[in-house]
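Beneath this line is the structure, given in C-alpha cells, with notes to follow.
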Amino acid sequence: MAKQALLQRELKREKLAAKFAKKYTQLKATASDVKRSEDERALARLELQKLPRNANPTRQRNRCAITGRPRGTFRQFGLARAKIRELAFAGDIPGITKASW
C-alpha cells in the first residue's frame, strides 16, 4: 500500500488538472498556432508558465486503484500487475483465465 501522502498528492494533481484543463488547452493552442503573431504566442507561453505546475496533466502518475502502486499498472484495468494476477486467479475479473498450453 502506498503512503497516504503520495495518494493525496495525486488527488490534488487530478483536481488541479481538471480545474485548469480548459485554460491549459486554450493557451497551448494559442502558443502553437503559427497563424498568430509572435507577441501573442509569447504572451500565451508566459501565461502557461504562470499556471501551477501540478495543473499540467503530464505530472499525473497512473496508480493502482487498490494499492496505489505507481509501477506495473495496466491502463486497461487500472490495477497493478500483482493485483490483476490475484483477482484473475480468484475469478473476479471476467474473461481472464490462467494461460495453459
Side-chain angles (χ1 to χ4, degrees):
M1 187 75 185
K3 290 184 179 180
Q4 287 300 311
L6 298 177
L7 297 176
Q8 293 303 316
R9 186 185 304 158
E10 286 299 320
L11 289 175
K12 184 179 176 182
R13 285 180 179 153
E14 285 178 24
K15 289 177 187 174
L16 266 175
K19 180 179 177 182
F20 289 101
K22 187 175 179 183
K23 187 173 184 179
Y24 183 81
T25 54
Q26 287 174 347
L27 289 171
K28 285 291 275 188
T30 304
S32 62
D33 188 5
V34 291
K35 295 177 183 174
R36 304 261 181 156
S37 69
E38 278 300 317
D39 293 336
E40 283 181 301
R41 294 173 68 194
L43 188 64
R45 285 192 293 269
L46 283 174
E47 289 297 317
L48 268 172
Q49 289 177 0
K50 289 180 184 176
L51 291 178
R53 281 186 173 204
N54 286 335
N56 192 336
T58 59
R59 290 180 65 97
Q60 293 176 3
R61 180 85 170 158
N62 291 335
R63 288 186 173 269
C64 176
I66 297 173
T67 62
R69 180 181 165 83
R71 296 183 178 196
T73 304
F74 285 68
R75 287 183 189 164
Q76 184 178 1
F77 303 106
L79 299 173
R81 56 185 172 75
K83 283 296 168 185
I84 290 174
R85 187 170 189 268
E86 284 178 20
L87 294 173
F89 286 160
D92 294 335
I93 303 177
I96 300 229
T97 57
K98 187 175 187 307
S100 60
W101 58 88

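Computed from a prediction, not measured in an experiment: that's the story for all the values here.
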Which atoms form the tightest heavy-atom contact between [X] and [Y], and what is the distance?
| X | Y | result |
| --- | --- | --- |
| Pro70 | Arg63 | CD-NH1, 3.6 Å |
| Leu48 | Lys28 | CD1-CD, 3.7 Å |
| Ile96 | Ala88 | CG2-CB, 3.6 Å |
| Gln60 | Ala17 | NE2-CB, 3.1 Å |
| Glu40 | Thr30 | O-CG2, 4.3 Å |
| Arg61 | Arg71 | NH2-CG, 3.5 Å |

To the nearest 0.5 Å, how far apart are [atom1] in [X] and [atom2] in [Y]?
| X | Y | atom1 | atom2 | answer |
| --- | --- | --- | --- | --- |
| Glu86 | Ile93 | CD | CD1 | 10.0 Å |
| Lys12 | Arg9 | NZ | CZ | 9.0 Å |
| Leu27 | Glu47 | CG | CD | 6.5 Å |
| Asn62 | Leu79 | CG | CG | 12.0 Å |
| Arg45 | Ser32 | CZ | OG | 10.0 Å |
| Leu16 | Leu51 | CG | CG | 10.0 Å |

query = Sub-3.5 Å donor-acceptor pair from the side chain of Thr67 to the main-chain atoms of Cys64, do we have one?
reply =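 Here the side-chain-to-backbone pair does not exist.
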Side-chain donor or acceptor of Arg41 paired with backbone N/O of Ala31 under 3.5 Å: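 Yes: the side chain of Arg41 pairs with the backbone of Ala31.
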> Are Ile66 and Leu7 connected in the hydrophobic side-chain network, where two residues link if heavy atoms are under 4.5 Å apart?
Replying inline: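 No; Leu7 is not reachable from Ile66 via cluster members.
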Can Thr58 and Asn56 be counted as having a side-chain donor-acceptor contact under 3.5 angstrom?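 Thr58 vs Asn56: donor-acceptor pair found between side chains.
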Notebook entry, point to check: Heavy-atom distance under 4.5 Å between the side chains of Arg69 and Lys83, does that happen here?
Noted result: no
| request: Could you list the residues that satisfy salt bridge (charged side-chain N to carboxylate O under 4.0 Å, His left out) with Glu14, not counting sequence neighbours? | output: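 Here no residue qualifies.
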